[in-house]
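Quick one: the structure is below, and I'll ask about it shortly.
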Amino acid sequence: MAAVVGERAPSTNRWLAALPYVVLALATLPILVLYVWLFYSSFFPRVEGFRPVGDFTFDNWRFLWDPLSVPQMRNRPPIVPLTFNTFIFAAMTSAIGLLVSSMAGYAFSRLRFPGRRMFLGSVLLLHSFPSVTLLIALFVVLRALGLYDKLVGVILVQTAFALPFGIWIMKGFFDNIPWDLEMSALVDGAGRFRTWWRIMLPLVKPGLLALAVLLFVEGWNQFLLPFVFMPSGSQQTLSTLVKGILGEGRFVDYGLLTAVGLYYIAPVLILFVLAQDQLMRIYAGGVKG
Amino acid sequence: MRVALERLTKRFGTVTAVQELDLEVRSGEFVALLGPSGCGKTTTLLMIAGIYRPTTGTIVFGDRRVDHLHPKERGIGMVFQSYALYPHMTVSENIAFPLELQRAITRPDREARVREAAAKVQVDELLDRRPAQLSGGQQQRVALARALVKRPDILLLDEPLSNLDARLRHDMRGEIKRLQKEVGITSIFVTHDQLEALSMADRVAVMRDGRLQAYATPDELYAHPVNRFVAGFIGSPPMNFIPADLAARNGDLVARAQDIELPLPPAQRPRGNAAGATVGVRPEHIAIVAPGEGQAAGEVYVVEPVGREQIVDVQVGGRVLRVVAPPGYGGKIGDRIGLRFAPERLHLFDPQSGDRLA
Amino acid sequence: MARTQAIALPRERRTAAWWRTNATALLFMGPAIVLVLVFLLAPVVITFVMSLTDLATSTGLSNWQWIGFENYARMFRSQFWLVILGNTLMYVAIVLAFNVIVGLGIALLSVHMEAKAGGVFRSLWLLPRISPSVVYALMWTWAAASPPFGMLNYIVAPLGLEPRFWLQSDPWLIVILINGFVGASFGMLIFTSAISAIPQDLFRAAQVDGASALQIIRRITLPLIKWPILFVLVYQTMSLFASYEYIYLTTNGGPGLYATETWSLWAFHTALSNYYGNLDFAYGAAMAAILVLLGLGISVVLLRVFRFEQLVAEPRVEVD
């Protein structure tokens with residue numbers, strides 16, 4: 001495949017053509033180093049800079065099979081329920097977010113109703129509004145609803161935060177489906193709900209998948225919401241665990257931390273490798289339109 | 001089933017797309033809505049389908065008023081310009097979709113009807129394909145099958161042939177017409193192509209700027225266009241228009257333009273006593289004769305052979321008249337010729353309003 | 001019929017007709033409306049209302065009182081507010097510059113190479129964005145860690161710099177790097193898609209005219225992506241004012257008193273996480289209210305300038 005911008009004439013200076021590669025490689029190096037270290041450090045007792053001290057070992061990973069032997073893990077919830085919670089949190093926000101935003105996105109794209117302009121305007125506004133500033137008020141809302149310190153509450157907040165983006169993206173996908181198909185379904189005898197379910201949703205499947213992955217990843221990664229709104233108990237997620245170990249003082253056990261961190265980040269990395277093209281497109285599309 | 005539109009009006013904001021349209025389609029009739037783009041014909045069709053709501057006026061099917069009904073309650077089938085086949089379903093799923101929505105129909109029954117509909121339009125070999133694997137003509141047939149499978153009372157077609165290539169268009173023209181007569185279903189189709197309308201429809205409604213201009217059989221529209229717009233829109237190549245003065249000479253009425261003098265037979269005389277008129281004459285009603293003969297003299301401007309005949313543009317005075325000449329005509333650019341007009345084929349229109357004078 | 005005759009109907013019938021006509025829209029919009037109302041719109045209002053009270057752990061949810069603008073007055077009486085404002089402005093300005101310049105640089109460089117290679121580089125830059133914040137923060141904490149662990153020390157060693165614990169000695173450097181590297185991908189994605197949308201013929205024509213790569217960038221690419229650049233600038237400004245997650249996870253506003261504390265982190269600390277145990281919700285809400293106002297203002301500008309009219313085209317089907 002050729003470059004996005006122009007095909008370079010072969011006569012152009014070799015080193016000039018190589019320049020973008022060199023510059024970009026140097027600029028990207030810090031990121032690469034960070035991630036390589038994360039991987040590397042989890043398999044050695046300690047790593048000083050890039051120099052491993054001691055032999056290759058799985059000892060850092062023993063929190064998986066022998067958590068009691070790891071002092072930092074002792075007074076924390078076990079890793080399996082934490083992983084399960086994180087998964088539930090991510091899967092639920094992804095599923096609810098997908099359902100709600102594909103319904104509202106369809107309504108914005110295809111239905112007439114009073115206040116449509118106003119709703120659309122406020123969704124767009126919220127889309128760029130940094131919702132994290134609302135944390136304090138949400139604390140009060142969750143307490144009032146009896147949802148504080150409960151997984152359900154955090155799931156709903158996270159879903160609501162993701163909604164403006166999701167609705168916006170889904171509206172865009174629906175907008176691209178020809179009107180003829182919608183009209184045809186209606187004439188064939190379908191109601192709006194069936195048209196949405198049987199005709200429109202299957203046609204935006206690639207968009208649904210991409211949004212599902214994105215919402216899942218954001219849910220999986222979420223730190224502040226579970227940290228603030230589920231401070232105690234068994235419903236915590238992996239992010240709180242990593243933060244907990246990380247925050248334990250200056251002399252941190254990087255071997256353990258990187259192993260836990262890698263364990264935590266692995267699903268995201270796998271999803272990213274599998275779906276990076278769609279993810280990049282949806283990231284760019286969601287903010288630009 | 002009879003379809004009646006009564007004083008149907010549709011406004012989008014300040015734009016009036018359809019204005020006070022009255023139209024009746026008899027049961028079993030095949031009617032074309034014809035007009036240039038933006039004339040309101042598709043809007044009218046979508047109102048009949050129930051996709052748009054009329055701003056005012058009523059739509060009656062049989063003797064049931066339907067303008068408040070959901071499309072699914074109207075008993076219509078529709079073929080869209082793009083065919084609108086559902087890309088994620090196979091041909092048989094596409095055809096079955098309208099039946100799927102009718103609870104009363106059992107699965108074996110449904111399958112039988114899908115096969116029957118597919119056979120009727122000869123796509124029964126393609127049932128497992130996806131729309132993307134079909135040619136334009138095949139997609140068209142599938143769309144027809146899907147529209148007909150639920151045995152609707154009324155069939156609507158929006159520019160059904162515009163996405164086909166010229167050859168296929170001709171074939172499908174005949175086939176749709178035949179299918180319509182075979183099924184006997186009341187059908188309304190929208191087109192901007194006068195040839196399509198004339199060749200397929202029992203009656204043609206000509207629309208312009210949201211208003212009905214004429215509603216008549218193809219023969220009638222061709223022979224007695226009610227106004228200048230209809231006269232110019234129907235027929236190919238289009239009618240020639242010559243602004244002329246009307247004067248009496250030796251007791252006869254004569255239409256006179258520069259270099260042309262056309263005696264009007266009694267039947268062509270306008271009512272009242274107009275001083276001027278726009279004379280319309282179709283290219284096929286002018287014959288090329290030897291110089292000095294006929295009612296006008298001119299010079300060949302250009303000759304376009306189109307196979308069966310030749311279209312000759314003739315310069316007469318300051319204007320160009322278009323004439324259809326037989327295949328053997330061997331004129332060259334610059335030839336001096338005479339033109340003979342068929343007097344009983346002249347049409348006279350009011351120069352201001354464009355209405356037919358006689 | 002419902003439409004034309006509704007005028008003549010008594011009010012109850014009319015209300016019933018309204019519900020019937022809009023039932024479908026309500027069904028589709030309902031869940032979204034509820035969630036947005038409860039968890040986004042209500043909190044905006046509550047933030048402002050709460051900022052006029054003395055709600056805190058000590059008062060509980062029942063014993064609070066209205067105190068007018070006392071929280072705002074208290075905020076500007078605080079001896080730290082100027083320091084924190086200064087921190088915030090510096091943080092936003094430097095990280096914004098880093099994000100936009102680096103984002104633009106990556107976009108430009110990556111479109112001037114083989115498409116595959118460009119894609120790989122862009123993916124790598126997207127990594128921080130899709131990583132859990134705690135893990136990403138962990139990596140930087142390590143890089144900045146005290147000897148003998150931290151990588152930064154090994155890098156600067158050849159320059160003759162003393163090894164140190166960077167989070168303590170140069171907290172701002174770390175805060176800027178961690179946020180800079182994560183935020184650059186935003187601009188990168190927008191700019192890349194904007195550049196890809198420029199018709200190829202323009203570049204070909206310029207090459208035929210003999211323009212160099214730099215000339216093409218300066219005379220063609222940059223002028224054509226002027227609006228995306230402006231958009232990213234405004235959008236990122238707003239996000240940066242509100243963001244504190246990475247600062248919280250690395251320096252937590254320290255070392256010492258408010259060295260790297262920004263306005264949003266200050267609000268967070270005051271209301272939800274402080275050492276004194278008395279969570280001062282109302283006071284924190286007053287701090288957040290200022291950010292909410294700022295966010296709303298900038299969002300309205302974004303909406304106005306960038307993309308509203310094209311989005312509100314009326315649906316083409318009039319079926320309920």
Side-chain angles (χ1 to χ4, degrees), chain A residues 1 3-6 20-21 23-24 28 31 34 38 48-49 100 103-104 106-107 110-113 117 120 124-126 128-130 132-134 136-138 140-141 157 159-160 163 179 182-183 186 192 217 221 223-224 228 239 242-243 246 254 257 261 264-265 268 272 276 283-284 288-289, chain C residues 22 24-25 28-29 31-32 35-36 39-40 42-43 46-47 50 61 109 111-116 121 123-124 127 130-135 138-139 142 148-149 151 154 189-190 193 196 203 207 235 238-239 242 245 271-272 281 284-285 288 291-292 295 299 302-303 307 312 315-317 319:
Chain A
M1 271 205 289
V4 174
V5 176
Y21 293 88
V23 176
L24 210 43
T28 316
I31 297 179
L34 290 177
L38 182 72
E48 299 180 351
V100 176
M103 284 169 69
Y106 174 77
R110 293 302 218 251
L111 297 181
R112 307 178 154 241
F113 50 93
R117 262 184 89 99
L120 202 50
L124 273 178
L125 195 108
L126 290 170
S128 42
F129 178 80
V132 75
T133 49
L134 302 176
I136 301 165
L138 276 166
V140 175
V141 170
V157 173
T159 310
L163 267 190
W179 274 97
E182 177 101 21
M183 295 182 182
L186 291 169
R192 297 311 290 255
V217 167
N221 291 348
F223 159 66
L224 270 180
V228 175
S239 55
V242 177
K243 162 66 183 154
L246 184 64
Y254 282 114
L257 259 177
Y264 177 29
I265 203 176
V268 171
F272 181 60
Q276 54 177 318
Y283 264 125
K288 192 194 54 138
Chain C
N22 295 302
T24 314
F28 277 104
M29 291 293 300
L35 281 174
V36 167
F39 295 108
L40 285 167
I46 291 173
T47 303
M50 203 161 62
L61 278 180
L109 288 168
V111 296
H112 279 93
M113 53 175 68
E114 285 293 310
K116 262 238 158 66
F121 278 116
S123 291
L124 285 173
L127 266 182
I130 59 119
S131 299
S133 51
V134 283
V135 177
L138 154 69
M139 293 189 277
W142 160 74
F149 297 106
M151 181 194 63
Y154 293 88
L189 288 170
I190 305 257
S193 71
S196 314
F203 297 117
Q207 278 175 339
Y235 193 98
M238 183 168 65
S239 334
E245 194 165 347
L272 297 171
F281 303 126
L291 293 173
V292 170
S299 313
L302 271 177
L303 219 71
R307 52 184 181 184
V312 290
R316 286 166 48 190
V317 163
V319 179

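Predicted, not measured: the structure shown is a model, and the values here were computed from it. Throughout, protein chains are lettered first and strands after them, A, B, ... in sequence-line order, and every chain is numbered starting at 1.
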Which pair of heavy atoms, one from C/P43 and one from A/V141, lies closest together, and at what distance? CG-CG2, 4.4 Å
Within-4.5 Å side-chain heavy-atom neighbours: A/L134 and C/T47: yes
Might you point out which heavy atoms bring A/P20 and C/H112 nearest each other, and give the distance in Å?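 The answer is CG-O, 4.1 Å.
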What part of A/L38 gets within 4.5 angstrom of chain C, counting heavy atoms only: side chain, backbone, both, or neither? side chain
Among C/W142, C/F39, C/F121, which residue forms the greatest number of heavy-atom pairs with chain A at distances under 4.5 Å? C/W142
Looking at C/L40 and A/A160, what are the two nearest heavy atoms and their distance?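 Closest heavy-atom pair between C/L40 and A/A160: CD1-O, 3.3 Å.
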Measure the shortest side-chain to side-chain distance between A/Y264 and C/V134 over non-hydrogen atoms and say whether it is less than 4.5 angstrom. yes
Can you tell if the side chain of C/E114 reaches within under 4.5 Å of the side chain of A/Y21, non-hydrogen atoms only? yes
Go through the atoms of C/M238 and report whether side chain, backbone, both or neither lie under 4.5 Å from a heavy atom of chain A. both
Looking only at A/V140, A/I31, A/V228, A/V242, most heavy-atom pairs under 4.5 Å shared with chain C are made by A/I31
Working to the nearest 0.5 angstrom, can you tell me the gap between C/F28 CZ and A/R110 CZ? 11.5 Å
I'd like to know if the side chain of A/N221 and the backbone of C/S133 have a donor-acceptor N/O pair within less than 3.5 Å. no
To the nearest 0.5 angstrom, please state how far the CD1 atom of C/I130 sits from the CD1 atom of A/I265. 6.5 Å
Examine whether an atom of A/L34 lies under 4.5 Å from a heavy atom of chain C, and if so say whether it belongs to the side chain, the backbone or both; otherwise answer neither. both
Taking side chain as C-beta onward, heavy atoms only, is C/S131 less than 4.5 Å from A/F272? no
Determine the option with the most heavy-atom pairs under 4.5 angstrom with chain A, choosing from C/P31, C/A25, C/S123.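 Winner by heavy-atom pair count: C/S123.
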Can you name the closest pair of heavy atoms from C/E245 and A/F223 and give their distance? OE2-CB, 3.5 Å
Minimal heavy-atom distance between A/I136 and C/A285, with the atoms involved, is CD1-N, 3.8 Å
Within-4.5 Å side-chain heavy-atom neighbours: A/L111 and C/M29: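 The answer is no, as the side chains (C-beta and beyond) never meet within the 4.5 Å cut-off.
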Using non-hydrogen atoms and a 4.5 Å limit, figure out which bit of A/L24 sits close to chain C: side chain, backbone, both or neither. both
Among the listed options A/V100, A/T159, A/V217, the residue most often paired with chain C at heavy-atom distances under 4.5 Å: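 Sorted descending by pairs with chain C, the first entry is A/V100.
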